[in-house]
Amino acid sequence: DWYARPSLRINADQKVFKNVFKAEDWNRMTIRANGNRIEYWMNGTKIIDYTDDDPKRSKEGLIGIQMHDNLVMKVEFKNALILPLVDEKE
C-alpha cells in the first residue's frame, strides 16, 4: 500500500520523536492496528494515531520489516511479540 497510496506516508511529529527516541539504547515500539485505525507508541509515548478511511485499504496481510538501500543502519530486535487484540468489554 505504501507505493500505491501516498496518503499512508505518515510520520511522527519530529519534536516528539526526538524527545522519546533513545539513540544509544533499546527503544520499545508498540503498534496497534485495529480496524482502520493504526497507533504507534515509542517508549510509552504515542507518536502516531492514524485512521485510514479509504475503502480500498488492506484489511489483512503480512507483517514485514523493511530497510532501505544506501543507508547505514543497524537493526536489532529483542522480545518481539505479536499479540491478538483483546475485546475491552470482556
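For the pair Trp41 and Arg32, the tightest heavy-atom approach, listed with the atom from each and the gap, is CH2-NH1, 3.7 Å. Of all heavy-atom pairs between Asp54 and Lys56, the closest is OD1-N, 2.7 Å.
Atom CD1 of residue Ile47 and atom OG1 of residue Thr45 lie 8.5 Å apart, to the nearest 0.5 angstrom. Here the CG-CD distance, from Asp49 to Glu39, works out to 4.5 Å after rounding to the nearest 0.5 Å.
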Would you list the atom pairs, donor with acceptor, under 3.5 Å between side chains in residues 18-26 and any protein atom, with sequence neighbours excluded?
{"residue": "Asn19", "atom": "ND2", "partner": "Lys15", "partner atom": "O", "Å": "3.2"}

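For CG of Leu85, the number of neighbouring non-hydrogen atoms (other residues, nucleotides, ligands) closer than 6.0 Å is greater than 12.
In terms of modelled atom types and a separation under 3.5 Å, the side chain of Gln14 and the main chain of Ala12 share a donor-acceptor contact.
Looking at Glu76 and Lys78, no side-chain N of the basic residue comes within less than 4.0 Å of a carboxylate O on the acidic one, giving no salt bridge.
Between the side chains of Asn36 and Asp52, no donor-acceptor pair of N or O atoms lies under 3.5 Å.
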